[in-house]
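First the structure, in the form of structure tokens, and then the observations on it.
Keep in mind that this is a model prediction, so the values were computed, not measured. The chains referred to below are lettered A, B, ... by the order of the sequence lines, with proteins before strands, and numbering in each begins at 1.
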Amino acid sequence: MVTVKPPITEDKPVSVIMEDTEEDLETLRHSTAHIMAQAVTHLYPNVKLGIGPCIENGFYYDFDLDQTLSHEDLKKIESEMKHIIGSNEPFVRAEIPKDEALKKMEVLGQPYKVELIKDIDDEKVSFYTQGDFMDLCRGPHIQRTGKVKAFKLLSVAGAYWRGKETNPMLQRIYGTAFTQKDALENYLKLLEEAKKRDHRKLGKDLDLFSFQEECGAGLVLWHPKAGRIRTIIEDFWRKEHYKRGYEVVYTPHIAKLDLWKTSGHWNFYRESMFSPLDIEGQEYLLKPMNCPFAILMYKSQLRSYRDLPFRWAELGTVYRYERTGVLHGLLRVRGFTQDDAHIFCTPDQFESEVISVIDLAQFMLTSFGFKEYEIELSVRGKGEKEKYIGGDATWELAEGALQQALERKHLSYTLGEGEAKFYGPAIDIKVKDALGRGWQGPTIQVDFNLPERFDANFIGSDGKEHRVVMIHRTVLGAMERFLGCLIEHYTGSFPLWLAPLQIRVIPVTDNHAEYALGVKQRLENDGLRVDCNTINAKIGYKVREGIIEKIPYILIVGDKEVKEGTVSVRSRKKGDEGSYSLEHFLERIKQEIAAKE
RNA sequence: GCUGCUGUGGCUCAGUGGUAGAGCACGUCCUUGGUAAGGACGAGGUCAUGGGUUCAAAUCCCAUCAGCAGCUCCA
């Protein structure tokens, strides 16, 4: 494909032949955005243009229009785009002195472009023109509009000008483009597939959880099947924590306002907290975090360096006020249970503690089948120190310590500036949902500040008081979000060890019901989760029900099985597998459970 | 919170200014059927909630609640 690129050395445009690469696709999409803007300008001459970049899977362009765009309008815009593509106009690059460009955009009534040009730190600015449409743009672009072979406009949504909440809201049209028609179709199919994996849909279909209007937004009702999964996760979680020297603690859901003032939450986290409750004239707050309780517990007696580290784990349910628009199924809720823990240690122990938490987080993610995740080192943002508690020295120390732990583990990570918590930097691990959106799961946060605010110390070997180091961490994140990610990860087909119902026994006729119930009993005696479908229906029907419910194993028993003392096995993975003795089957699934497959 | 869209029986959805429909699911009965839907009959909805317009509203308007896409936020 050929692209029109900005000049490399000389003051004139050059064309460069390129392979069909990712960069190439970006150029195509960016050019398609320009064509869309041209089409919109044709249809709505008064439009004020914002910006129109390419993004991960396509492009968008922001428009300021008097009327709101509907899906019907998208179709009109699409057909106008097809005209423009059909006319096969060339993209022509031109450089204009900045002041001239400013005048031009003012005359054209394009205030957003004026603003953009003013921010450009150069004497000249570049424009690209195709046909009757000219747009401020750095480039590069494809050679002619006719090169666009496959595109589709996907949605309209509001977006603040330059991403600032105080700026006017523009209408953003999202679209995508590919070099080949089948690539576009594949992408659209992929989106359809992703919809089927959506945990909100599967949660309903598989009767896992619900939200009820009467209950409130962002408050999860865990139905029995999800309850079962959660119990399995929690049991596993507890076992693994005890193995690693953790103790399990429990703390209340509310505490006096003063506690939250001391901890700093009242000053730094108030907008995420629900309003105080009045209890006998005292103000109490619903907890948004578990940490102040842990530190109170720590302070309940004098601590010696000989006792450290303390590793106190807690499945702590917290409540955070989230604005209505940000709620998202199980992935962003208002009440959730963190698989929290607070580690109190000496400065010397800090690094090895962080490393073992990283190990535990990796072990947990691997156990639940997550192979891909991103690690981010979340540090303070530049020039916004007022958002954080604590002095520069402690922050730098903490940030450096986390970074060192990551490097010691040879883990690749990205740096998230301004992503730190208000009380300290963190290592955040993100897991992706069906649509590839990242959600924070495990997190390891250093806190040199709470110990200071609560004056939490230990007696060192020198007999003097020293400030204790506190680590907050989760290795799953929150139970709600984790379940949501699990559902999408497995498309609702949970591995045997997690499946709420592992096995269903189906008798061929009423005559085999007794045998079927016996099989069920036998399997239940071995701790398996089994039911037996004795309803009056043909087995094809019952098998279908079992498949839709994504049950890992369906056992069919009829005359043959009764006579031979066997079960006919239908697995979710392989389908009909023929008959096995019950003992053989038991052996097999016990192995599968142990392997967490 | 902001922009736009949506809200009809358990689920998926159709429908129109004159007092509601389909399929699936559910119940009863017939059928006893070997690996993705056997048949008959039946029950089930104040069309999210509260106002307003109208002779008349589930259908139009407003507000609230809830959901969806995105922005912002969060992380």
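- Remark: the A/Asp510 side chain and the B/rU32 base include a donor-acceptor N/O pair separated by less than 3.5 Å.
- Among the heavy atoms of the strands lying under 4.0 Å from A/Lys430 is at least one base atom, whether or not backbone atoms are also near.
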Begin with the C-alpha distance, continue with both residues' side-chain angles, and end with the deciding distance and a verdict on salt bridge (charged side-chain N to carboxylate O under 4.0 Å, His left out) for A/Lys421 and A/Asp428.
CA-CA 11 Å; A/Lys421 315 325 174 220; A/Asp428 292 321; 3.0 Å; yes
Reading 5' to 3' through nucleotides 4-15 of chain B, protein heavy-atom contacts under 4.0 Å coded B for base, S for sugar-phosphate only, - for none
S--B---SS---
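- Nucleic acid contact for A/Phe211: none, since no nucleic acid atom lies under 4.0 Å from a heavy atom of the residue.
- The phosphate of B/rG1 has OP1 or OP2 within less than 4.0 Å of a side-chain N or O from A/Thr324.
- At the heavy-atom level, A/Arg323 lies under 4.0 Å from base atoms of the strands shown.
- Interface remark: the A/Arg320 side chain does not form any donor-acceptor pair with the B/rC74 base, using a distance-only criterion of under 3.5 Å.
- Ring to ring, A/Tyr60 and A/Tyr174 are close: their centroids are under 6.0 angstrom apart.
- Within the 4.0 angstrom heavy-atom criterion, no nucleotide atom of any strand lies near A/His512.
- Straight-line distance from the NE2 atom of A/His199 to the P atom of B/rG67: 12 Å, rounded to whole Å.
- The side chain of A/Arg570 places no N or O atom within less than 4.0 Å of a non-bridging phosphate oxygen (OP1 or OP2) of B/rG34.
- Counting any heavy atom pair closer than 4.0 Å across all strands shown, A/Gly325 reaches a base atom.
- Using a 4.5 Å heavy-atom threshold, the side chains of A/His253 and A/Thr317 count as touching.
- If you measure from atom CG of A/Leu331 to atom C1' of B/rG70, you get 16 Å, rounded to the nearest angstrom.
- Checked against the 6.0 Å centroid criterion, the rings of A/Phe370 and A/His489 qualify as a close aromatic pair.
- Atom name P, nucleotides B/rG17 and B/rG1: the rounded distance is 33 Å, in whole Å.
- Considering only side-chain N and O atoms, A/Tyr269 lies nowhere under 4.0 angstrom from the phosphate OP1 or OP2 of B/rC73.
- Under 4.0 angstrom from either OP1 or OP2 of B/rC68 there lies at least one side-chain N or O belonging to A/Arg200.
- Judged by distance alone with a 3.5 Å cut-off, no donor-acceptor contact links the side chain of A/Tyr321 to the base of B/rG1.
- Geometrically, A/Arg320 does not engage A/Phe274 in a cation-pi contact, judged by NZ or CZ lying under 6.0 Å from the ring centre and within 45° of the ring axis.
- Within the 6.0 Å centre-distance limit, the rings of A/Tyr61 and A/Phe63 are counted as a close aromatic pair.
- Residue contacts for A/Gly546: at a heavy-atom cut-off of 4.0 Å it reaches no nucleic acid atom on any strand shown.
- Between A/Ile556 atom CD1 and B/rG33 atom P the separation is 15 Å, expressed in whole Å.
- Here the closest non-hydrogen pair linking A/Glu322 and A/Arg334 is O-NH2, 2.7 Å.
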Could you walk me through whether A/Lys195 and A/Glu192 pass the salt bridge (charged side-chain N to carboxylate O under 4.0 Å, His left out) check?
CA-CA 5 Å; A/Lys195 264 189 207 161; A/Glu192 285 301 311; 3.7 Å; yes
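- With values rounded to the nearest 0.5 angstrom, A/Phe368 atom CZ is found 6.5 Å from A/Leu486 atom CG.
- The residue A/Glu561 sits close to a base: some heavy atom pair falls under 4.0 Å.
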Strand RNA chain B in bracket notation, Watson-Crick/G-U under 3.5 Å with | for pairs to another chain:
((((((((.[[[[.).....]]]].(((((.......))))).....(((((.......))))))))))))....
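- For A/Phe422 and A/His265, the ring centers sit closer than 6.0 Å to each other.
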